Amino acid sequence: QEAPRRLETLMTNLESAERQDFLSFPERVAAMHVHAGDGPEYSADRLHHLTDLIATISLQPDLPAVMEQALAALVDIAGADRGFLLLYKGFEVTQQIFQGMREDESDEFSSSLAYQILWTGEPLFVEDAQTHVEFARQLSIQSLALRSMVGVPLSDGSETIGVMIADSKRINTRFGEEDLDLCVAL
């Protein structure tokens, strides 16, 4: 019950326009309500952690810092090894941010996963990409030996403008399909 109160406290510190922007995403509104019989049930610890991450993100001084912190939060929530954030104009990448990757590894990610999330505008969780019907055949996934992957679309309210993806070379048992709403709430 504390996590929803913390989100409400966080929201009271926002300007009216920022509050409306925050609430324009149903996943964030849902995160403010503890399980009420319909939808996923989240532990108080998970919601508490989410509110801490949202508070940290909201304190960032500018958009690049917000994006870096949001990506770090996704990697943390997903229990992943690394992550990347791509912003698009059409299908052209206009900005890239990486977490847990060296500069020389910046082109080592699954573009097929990124494009699927961009095209569909839907979040995606793949527990084991090596056995997944669609992704097991992808060369990038095979060459990078990726196992667990979590991806969420970034929207400007009317269209998908980017993606955030966290991936790992091990199967993640800490994160599941039911946790996608927490990632989208970021």
Side-chain angles (χ1 to χ4, degrees), residues 25-28 30-31 39-40 42 46 49-50 53-54 56-57 63-186:
F25 294 89
E27 297 84 2
R28 292 178 180 161
Y42 301 115
R46 297 283 281 171
H49 187 62
L50 176 65
L53 293 172
I54 290 172
T56 301
I57 292 166
L63 185 58
V66 166
M67 291 188 303
E68 286 180 19
Q69 194 63 49
L71 179 59
L74 177 66
V75 170
D76 178 50
I77 287 175
D81 299 328
R82 63 193 200 138
F84 56 94
L85 183 153
L86 304 172
L87 292 181
Y88 292 89
K89 185 166 189 129
F91 289 105
E92 180 184 340
V93 176
T94 59
Q95 188 167 2
Q96 301 177 19
I97 298 174
F98 299 97
Q99 171 80 28
M101 299 169 72
R102 295 185 319 265
E103 190 69 32
D104 62 330
E105 297 175 317
S106 65
D107 62 345
E108 296 179 0
F109 60 86
S110 173
S111 59
S112 57
L113 178 64
Y115 282 127
Q116 178 172 340
I117 295 166
L118 182 66
W119 289 327
T120 66
E122 296 293 325
L124 181 66
F125 169 65
V126 178
E127 183 176 22
D128 186 359
Q130 298 298 315
T131 61
H132 190 273
V133 173
E134 185 175 345
F135 294 109
R137 298 179 302 225
Q138 301 293 331
L139 292 178
S140 60
I141 291 176
Q142 292 298 320
S143 67
L144 294 169
L146 296 178
R147 301 299 294 254
S148 292
M149 303 182 301
V150 176
V152 294
L154 300 173
S155 172
D156 66 359
S158 62
E159 65 180 330
T160 302
I161 59 167
V163 298
M164 281 196 311
I165 296 176
D167 61 31
S168 182
K169 292 185 178 195
R170 58 191 157 64
I171 296 176
N172 187 340
T173 57
R174 187 178 105 185
F175 188 89
E177 185 83 32
E178 65 279 0
D179 295 314
L180 272 177
D181 285 343
L182 295 177
C183 293
V184 174
L186 287 172

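As the structure is a computational prediction, the values presented were derived from the model and not from experiment.
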Any ring pair (Phe, Tyr, Trp, His ring centres under 6.0 Å) pairs touching [range], not counting sequence neighbours?
range            : result
residues 136-172 : none
residues 63-83   : none
residues 130-168 : His132-Phe135

Would a 4.5 Å heavy-atom cut-off, applied to side chains only, mark [X] and [Y] as touching?
X      : Y      : answer
Met164 : Leu154 : yes
Leu71  : Phe98  : no
Leu87  : Met67  : yes

Report the residues that fulfil side-chain contact (heavy atoms from CB on, under 4.5 Å) with [X], sequence neighbours left out, ordered by chain and then residue number.
X      : result
Leu144 : Arg82, Glu108, Leu146
Ser111 : Phe109, Tyr115
Pro153 : Ile117, Pro123, Thr160

### Task
Carefully, step by step, assess Gln99 and Leu74 under the rule side-chain contact (heavy atoms from CB on, under 4.5 Å).
CA-CA 10 Å; Gln99 171 80 28; Leu74 177 66; over 6 Å; no
What's the spacing between [X] [atom1] and [Y] [atom2] if we round to 0.5 Å?
X      : Y      : atom1 : atom2 : result
Thr94  : Tyr88  : OG1   : OH    : 9.5 Å
Arg170 : Asp81  : CZ    : CG    : 4.5 Å
Ser148 : Asp167 : OG    : CG    : 9.5 Å

Identify, with sequence neighbours excluded, every residue that meets side-chain hydrogen bond (donor to acceptor under 3.5 Å, both in side chains) alongside [X].
X      : result
Ser140 : none
Gln142 : Gln130
Ser158 : Asp156

## Note on the structure
In short, Gln96 meets Val93 closest at the heavy-atom pair CG-CG1, 3.5 Å
### Closest non-hydrogen atom pair between Ala78 and Val150, with its separation
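Smallest heavy-atom distance, with atoms named: CB-CG2, 3.8 Å.
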### Query
Which pairs count as salt bridge (Lys or Arg N to Asp or Glu O under 4.0 Å) when at least one residue sits in residues 141-152, sequence neighbours excluded?
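Qualifying pairs, neighbours excluded: Asp128-Arg147.
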### Task
Can you run down the salt bridge (Lys or Arg N to Asp or Glu O under 4.0 Å) pairs that involve residues 85-95, sequence neighbours left out, and say none if there aren't any?
none
